[in-house]
*Asks:* 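Have a look at this one before I ask anything.
Quick caveat, the model's predicted, so the values are computed rather than measured.
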Amino acid sequence: MKKLFVFLTLIAVTGAFAAAQDNAVKGKYTDHNTLTRFDSTGVYMEESGLSHVVTHKRVRMLSHAGCSQYSTFKMDYDPLSAYCEIDRIIVHRVYGGPDTLLWPGRDNNRVVYDYVAPARMIYWGASQKMVEIGHLDIADEVEIWTYKKGYTYALLQDDHPSLNATFAALPQDDSRYVPPMRGHYYDIVPFWSDEPVQHKVYQLNILDSKQLQYHVYNGELDIRREAADEEGRVLYTFSNKEDIMPLKREPRALANNDIQCKLLLSTSPDWQAKSRWFFGVNEDYGSFKPTPAIQKKVNELVRDCKTELDSISALTHWVADNIRYAGISMGEGEGFTLHNQEMNFTDRCGVCKDKASTLIGFLRAAGFKAYAAMTMAGERIDRIPADQFNHSVCAVQLRNGQFLMLDPTWVPGVRELWSSAEQQQGYLIGTAEGCDLMETPVSPAEKHYLRILGETAIDMQGTLTGTLTVTAEGQSDASVRNVFRASQSEWRASLERQLLAIAPEAEITDIQHTDPNRYLDQPVSITYRFRIPHYATVDKEVISFIPLSARNFYSFAMSHLYFNLSAETRTQPFSDRCSKLIDIRETITLPYAPSQFHYPMVDGIANPAASFGCGFQMEGNKLSFGEQAVFGKRVYEASDWPAFRASAQAQLQVSQTPVILTK
């Protein structure tokens, strides 16, 4: 511990020196709200895995917004698994007046507010500590020391003078602060920031026998490893090579941890060890033991099922639709232990891990082999076995031995068992034997089609009459069904708005659709019958109009159309909601047979990532129009952007360019 705190003292000296260099603030920092002079973190890991974390940072105010941001300082923590203290805060006044020393741990006049953190939908008892710093002026600098021990799951004595009082007040029993994977340590350290940082250091003091693994992604760091001391402890130091500047993110770019510099550390030997631990911690707790009431419900749900997939589907969708998303704390073990069946079935609510737990219990009650699994929604999971998880799902083993992934959290009202909005996503199944990290494959675009078929006619007055039918499957089906999110009394108005958005003068005579409440029976289908006066320009020589089906009907189910397409190239990978196929066909009967016609001249795009094609054909007085756009995956490389952009632009061009037919 002494070595750790000596290091932090040296960093403080470096920071004081940096604070004197006012010229460094000018230039590249002037357009930002704050400048972090230094940000140092020191971690001391015990044999048990219990970690003590001291942070020390100094921040200069560059704008009024920065001053407002630092007028208070907050620390988030979970009282069940972590202890924290705001140790000292010094305000260095630049424009006269003495520096202000706030010593919450020793100053009885300085109030440290400790309160339940604001929460929405997940109520696990998280807390915050807050100290009021007060008014700051531009160029003031705030220096902050904090201490924390324990762990945060996404799911000791010391002679340092500023921490003596803190340690003396700590509970003697630290067992609840030992991480659930006892004896191990992991961390995910972002070496990126939304505001500039001149010097960032992360230091870990650990037993050499723990065999630490680490890797730096998307950048480079200075790394030092000192030789083991007489106690067999090793000091690792990681620091930035140059100033950390905020990244100008491109639209729809991946998560910061996927494209900016980060450090992963773990003492877990491999993913198999993590898999075995996750299996054991929930089996030991008894998360999946069914109750008589659950067994009765499962028997009822699978009574008429003919195949194993029928049974799996019935159980998955019941859990998805009937266990509401709301997190209630079970107390000790919350965040990494799955709630038991009695609690879930009685409360009929829970977060992702509890919905997954309920489904596992249901599947086991039906005779299946089912297991809990962890995944990371919205970010990549890299190979270092740190805790890169924010979501819990389920894996069921089929009779052929293969695993089928299930996610009851993401499929309420969705025809899929695993949401394809989670394709190209890493996951880890907890089993007794131990599994390696795996990734969900790309879901073929044709499984997520949006099909629009039209049969229309134009008369000599330019009135368009006919029908449009919208059908969809997979994630496109889920998007189209959003039109039924309102109460049933508002369905008609919601459906009408979709056509009126592209043809405000439309007179809708009839709308037929599948039953939204029976979404498993068949894909969604909606048919409109309409009359639109003055839709086309018609005289004895010329007819001009845009095919109604081409005008991005139900555009909210075509997320690619909402991208910012102005940039010709990208440097950052990006993501869409899901792979998808857009298939549009319309036959238009005209008042006479034209001899010539002019239509949008759009180059076809053929690329595995994204493609587009369209065509027009005249036969007598009938014009057949068709277009097809394919977007092949959810996560794209920067090199995929030209094809993605061109395909989306081509679809927009066809939707805005009239067909002109002449005699």
Side-chain angles (χ1 to χ4, degrees), residues 450-472 480 482-484 486 489-514 524-558 561-562 582-602 614-627 650-663:
L450 173 66
R451 187 165 291 128
I452 302 173
L453 301 178
E455 288 284 342
T456 58
I458 296 173
D459 63 18
M460 284 298 296
Q461 286 69 48
T463 299
L464 180 73
T465 58
T467 62
L468 278 183
T469 298
V470 178
T471 57
V480 170
N482 282 326
V483 77
F484 298 109
S489 62
E490 299 176 17
W491 283 358
R492 174 76 183 198
S494 180
L495 288 161
E496 288 181 346
R497 280 196 295 271
Q498 310 314 311
L499 183 55
L500 296 175
I502 60 174
E505 295 181 346
E507 301 167 5
I508 302 171
T509 57
D510 187 43
I511 303 177
Q512 299 291 327
H513 57 79
T514 50
V524 66
S525 179
I526 307 170
T527 299
Y528 292 76
R529 191 172 298 279
F530 53 85
R531 176 179 181 274
I532 309 176
H534 313 297
Y535 182 80
T537 300
V538 180
D539 60 30
K540 294 181 179 180
E541 301 295 332
V542 178
I543 304 174
S544 176
F545 66 96
I546 299 173
L548 185 64
S549 61
R551 295 181 59 188
N552 300 329
F553 194 35
Y554 276 77
S555 63
F556 64 79
M558 296 182 266
L561 298 180
Y562 294 90
I582 311 300
D583 187 22
I584 299 174
R585 301 283 185 272
E586 183 176 355
T587 301
I588 307 108
T589 301
L590 306 172
Y592 55 78
S595 58
Q596 299 180 37
F597 70 97
H598 304 274
Y599 53 87
M601 301 298 292
V602 178
C614 72
F616 297 83
Q617 183 177 352
M618 282 295 311
E619 290 186 9
N621 69 329
K622 290 186 180 293
L623 173 63
S624 297
F625 159 73
E627 75 173 25
Q651 185 177 344
L652 289 169
Q653 182 181 345
V654 172
S655 72
Q656 299 165 2
T657 308
V659 178
I660 301 174
L661 307 101
T662 65
K663 282 189 175 181

*Asks:* Can you tell if the side chain of Leu499 reaches within under 4.5 Å of the side chain of Leu548, non-hydrogen atoms only?
*Replies:* yes
*Asks:* Please give me the minimum heavy-atom distance between Ile502 and Arg551, naming the atom from each residue.
*Replies:* O-NH2, 2.6 Å
*Asks:* Output the distance between atom CD (Gln596) and atom OG1 (Thr662), rounded to the nearest 0.5 Å.
*Replies:* 4.5 Å
*Asks:* Atom CG in Leu450, atom CE in Met558: separation rounded to 0.5 Å?
*Replies:* 5.5 Å
*Asks:* Between Pro600 and Val659, is there a side-chain heavy-atom distance shorter than 4.5 Å?
*Replies:* yes
*Asks:* For the CD1 atom of Ile458 and the OG1 atom of Thr537, what is their distance to the nearest 0.5 Å?
*Replies:* 9.5 Å
*Asks:* Would you please classify the geometry between the Trp491 ring and the Phe484 ring as parallel, tilted or perpendicular, with 30° and 60° separating the classes?
*Replies:* perpendicular
*Asks:* Within this structure, what is the CD1-CZ distance for the pair Ile660 and Phe545, rounded to the nearest 0.5 Å?
*Replies:* 10.5 Å
*Asks:* Using the side chain to side chain contact (heavy atoms under 4.5 Å, CB included) criterion, which residues pair with Gln512? Sequence neighbours excluded.
*Replies:* Asp510
*Asks:* Tell me, do Leu453 and Arg585 make a side-chain contact under 4.5 Å, heavy atoms counted?
*Replies:* yes
*Asks:* Please examine the side chains of Leu661 and Met618, heavy atoms only from C-beta on, and report whether any two atoms are closer than 4.5 Å.
*Replies:* yes
*Asks:* Kindly check if the number of other-residue, nucleotide or ligand heavy atoms within 6.0 Å of NE2 (His534) is above 12?
*Replies:* no
*Asks:* Which pair of non-hydrogen atoms, one from Arg492 and one from Ile508, has the smallest distance, and what is that distance?
*Replies:* NH2-O, 3.6 Å
*Asks:* Taking C-beta and beyond as the side chain, do Asp459 and Pro591 meet within less than 4.5 Å on heavy atoms?
*Replies:* no
*Asks:* Measuring from atom CD1 of Ile588 to atom CD of Glu455, what distance do you get when rounded to the nearest 0.5 angstrom?
*Replies:* 9.0 Å
*Asks:* Do Ile526 and Tyr554 come within less than 4.5 Å of each other through their side chains, counting heavy atoms only?
*Replies:* yes
*Asks:* Just by distance, do the side chain of Tyr528 and the backbone of Leu495 share a donor-acceptor pair under 3.5 Å?
*Replies:* yes
*Asks:* Would you say Thr657's side chain and Gln653's backbone share a donor-acceptor pair under 3.5 angstrom?
*Replies:* yes
*Asks:* Would you check if the side chain of Asn621 reaches a backbone N or O of Thr589 as a donor-acceptor pair within less than 3.5 Å?
*Replies:* no
*Asks:* To check you understand the geometry: which heavy-atom pair defines the closest contact between Ala593 and Gly620, and what is its length?
*Replies:* CB-O, 3.4 Å
*Asks:* About how many Å separate CD of Glu586 and OG1 of Thr467, when rounded to the nearest 0.5 Å?
*Replies:* 9.0 Å
*Asks:* Are Phe530 and Thr456 close enough that some pair of their side-chain heavy atoms sits under 4.5 Å apart?
*Replies:* yes
*Asks:* Do you know which two heavy atoms are closest between Tyr592 and Glu541, and how far apart they sit?
*Replies:* OH-C, 3.4 Å
*Asks:* Which heavy-atom pair separates Ser549 from Ile452 by the least distance, and what is that distance?
*Replies:* CB-CG2, 3.9 Å
*Asks:* Quick one: side chain to side chain contact (heavy atoms under 4.5 Å, CB included) partners of Pro658, sequence neighbours excluded?
*Replies:* Ser544, Ile546
*Asks:* How close do Pro533 and Arg531 get, counting heavy atoms only, and between which atoms?
*Replies:* CG-NH1, 3.5 Å
*Asks:* Do we see a donor-acceptor contact under 3.5 Å between the side chains of Ser624 and Glu619?
*Replies:* no
*Asks:* Relative to each other, are the rings of Phe616 and Phe625 parallel, tilted or perpendicular (30° and 60° limits)?
*Replies:* tilted
*Asks:* Suppose we screen for salt bridge (charged side-chain N to carboxylate O under 4.0 Å, His left out). Which residues come up paired with Arg529, at least two apart in sequence or across chains?
*Replies:* none
*Asks:* If you define the side chain from C-beta out and look only at heavy atoms, does anything of Glu505 sit under 4.5 Å from Tyr535?
*Replies:* no
